[in-house]
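Structure provided below as structure tokens; questions to follow.
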There are 2 protein chains.
Amino acid sequence: MDMRSTLDAPDKPMNPTKLAIMDAAEQSILKHGYKAMSFRDLAAQVGIKSASVHYHFPTKADLLQALLVRHQSTLEAAMKPPKKKRQAAQKALNQFIECYRDITISRGSMALSAVLLAEHSLLDAQSKEQLNDLYQWQCDWLATIVSYLHKAEVPTDSDRQYASQIMASLHGASILAKATQDADIFDQVTQPWRTLVDRI
Amino acid sequence: MDMRSTLDAPDKPMNPTKLAIMDAAEQSILKHGYKAMSFRDLAAQVGIKSASVHYHFPTKADLLQALLVRHQSTLEAAMKPPKKKRQAAQKALNQFIECYRDITISRGSMALSAVLLAEHSLLDAQSKEQLNDLYQWQCDWLATIVSYLHKAEVPTDSDRQYASQIMASLHGASILAKATQDADIFDQVTQPWRTLVDRI
DNA sequence: GTCTATACGGTGATAGAC
DNA sequence: GTCTATCACCGTATAGAC
């Protein structure tokens with residue numbers, strides 16, 4: 001009987017092979033989509049056999065869940081609760097934009113969450129929930145940031161609407177940049193949000 | 001030797017089975033993605049065997065190309081060259097928004113082009129080109145509309161930037177609505193564009 | 001942990017009868 | 001046009017040796 005869980009303790013050093021598998025999986029999903037990501041390809045990429053991949057992640061759903069949990073943790077770690085000062089909030093927002101910009105420009109991909117959403121019906125129930133949480137967390141974080149931009153303590157409905165518009169703009173900018181193969185479009189579309197503090 | 005082409009003459013009545021296959025294929029892609037769409041499933045949906053699907057579309061790439069050509073034609077037919085009057089242009093823009101809204105709300109899906117973009121590496125070269133053209137055409141059409149909104153004859157760089165922002169907003173709104181399973185978000189995000197004529 | 005070997009179903013595609 | 005039959009894969013997943 002195997003007591004090992006797919007979820008590892010946070011901040012504990014992870015098995016390097018397991019980590020390599022997750023990295024390869026994320027790359028593969030970003031490039032080819034979830035359905036096209038196969039254990040055989042991942043194994044070849046890591047330099048092991050597919051049976052060994054199953055040792056670390058029994059099923060494809062297990063691997064995806066681990067990926068989503070890590071993705072959320074990374075995001076939460078990078079987007080620490082920002083200062084309430086207006087300029088600090090704008091800086092935090094710009095950092096958020098930069099995350100989407102990186103994926104779009106240097107990786108040439110849509111966001112992981114958007115790719116998975118395109119194949120939503122293929123995901124297991126738990127991954128669907130984690131995906132939902134991922135969006136909710138980002139919208140909430142953005143709404144808080146927007147409220148700080150005008151010295152409010154708690155986000156208003158208007159702040160939440162701004163947050164939705166920013167999120168939509170980022171995902172849409174990513175799509176447009178990839179579709180037209182013109183990286184500059186991302187910056188053109190998202191530029192207004194980089195100086196939002198001056199207009200709110 | 002088969003002289004039949006995958007592309008049918010425009011406005012000619014199409015083989016009803018062929019049409020049913022295309023409809024089923026589009027539905028399947030919107031729901032499950034391109035990779036998960038299989039000839040066997042389409043055949044079952046239409047009520048024939050997969051070999052018969054291959055008769056109408058020799059390869060999966062052929063089917064996708066036919067789908068993209070039809071999609072572009074439908075779009076061009078629906079989005080006729082608008083009047084240059086400001087109010088007529090706004091009405092045309094609203095109609096464009098409505099197209100994305102329909103897919104998002106009633107079909108509960110992202111746009112076909114966005115789904116395919118998530119699996120971009122799986123597409124054949126010709127489909128990639130058609131997908132690229134599809135985005136270019138929409139951005140150009142939107143830029144023209146925006147120019148009409150302020151009585152210009154030819155789109156400026158500023159108009160083109162507006163067009164990109166509208167496109168990004170629509171795709172992002174669709175993603176957000178699907179991710180949060182809250183259809184209202186689409187309208188909240190895209191509402192500003194419905195009254196753009198008053199602010200430009 | 002990683003391997004070999006294997007089971008078993010799904011997939012795109014083709015040949016040939018009707 | 002549609003069928004049956006078949007092919008050569010590729011996919012997830014498991015059992016058991018090392």
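Proteins get letters first, then strands, A, B, ... in listed order; numbering begins at 1 in each. Bear in mind that the values here come from a model prediction, so they are computed numbers and not experimental data.
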*A/Phe57 CZ to D/dT14 C1': how many Å, rounded?*
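Spelled out: CZ on A/Phe57 to C1' on D/dT14 is 18 Å.
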*Calculate the interatomic distance between B/Tyr55 atom OH and C/dG16 atom P; express it in whole Å.*
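Taking OH of B/Tyr55 and P of C/dG16, I get 18 Å after rounding.
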*Rounded to the nearest angstrom, tell me the gap between atom CG in A/Leu122 and atom P in C/dG10.*
15 Å
_Nucleotide D/dT12, atom C1' - distance to CG of A/Asp62 in whole Å_ =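 A/Asp62 atom CG is separated from D/dT12 atom C1' by 12 Å.
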*B/Phe39 has a side chain; which of D/dA13, D/dG11, C/dG12 sits nearest to it?*
C/dG12
_Less than 4.0 angstrom between a side-chain N/O of B/His54 and OP1 or OP2 of D/dG1, yes or no?_
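No, B/His54 has no side-chain N/O under 4.0 Å of OP1/OP2 on D/dG1.
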_Atom-to-atom span, CD1 of A/Ile48 to C1' of D/dC18 - whole angstrom_ =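 My rounded result for the distance is 17 Å.
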*What is the distance from NZ of A/Lys35 to C1' of D/dT12, rounded to the nearest Å?*
10 Å
*Quick one: is B/Lys49 getting a side-chain N or O under 4.0 Å of the D/dT2 phosphate, OP1 or OP2?*
no
*Under the salt bridge (Lys or Arg N to Asp or Glu O under 4.0 Å) rule, what do B/Arg160 and B/Asp140 come out as? Steps first, then yes or no, please.*
CA-CA 8 Å; B/Arg160 262 183 267 279; B/Asp140 288 348; 5.1 Å; no
*Would you say B/Thr17 reaches D/dT2's phosphate, i.e. side-chain N/O to OP1/OP2 under 4.0 Å?*
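It does, given that an N or O in the side chain of B/Thr17 lies less than 4.0 Å from OP1 or OP2 of D/dT2.
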*Write down the distance between OH (A/Tyr34) and C1' (D/dG11), rounded to a whole number of angstrom.*
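So the OH-C1' distance, A/Tyr34 to D/dG11, works out to 12 Å.
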*Please tell me which of A/Ala36 and A/Ala51 maps to the more 5' nucleotide of DNA chain D, matching each residue to the nucleotide holding its nearest heavy atom.*
A/Ala36
*C/dG12 base to B/Arg40 side chain: any donor-acceptor pair below 3.5 Å?*
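Between C/dG12 and B/Arg40, which were checked side chain against base, a qualifying N/O pair under 3.5 Å is present.
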*If the plane angle is over 60° it's perpendicular, under 30° parallel, otherwise tilted; pick one for A/Trp141 and A/Trp137.*
parallel
*Given atom CG of B/Leu64 and atom P of C/dA13, what is their separation to the nearest angstrom?*
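Nearest whole value for this atom pair: 12 Å.
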*Who pairs with A/Tyr162 by side-chain hydrogen bond (donor to acceptor under 3.5 Å, both in side chains), at least two apart in sequence or on another chain?*
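By the side-chain hydrogen bond (donor to acceptor under 3.5 Å, both in side chains) rule, A/Tyr162 matches no residue at all.
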*Which part of the nucleic acid, if any, lies within reach of A/Ser52 when heavy atoms closer than 4.0 Å are counted: base, sugar-phosphate only, or nothing?*
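Base, at least one base atom sits under 4.0 Å.
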*asked:* So that I can tick it off, tell me whether A/Glu98 and A/Arg194 are bridged by a salt bridge, with the cut-off set at under 4.0 angstrom between side-chain N and carboxylate O.
replied: yes
*Using atom types as modelled and distance alone, determine if a side-chain donor or acceptor of B/Gln72 lies under 3.5 Å from a backbone N or O of B/Gln130.*
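Checking the backbone N and O of B/Gln130 against the side chain of B/Gln72, no donor-acceptor pair under 3.5 Å is found.
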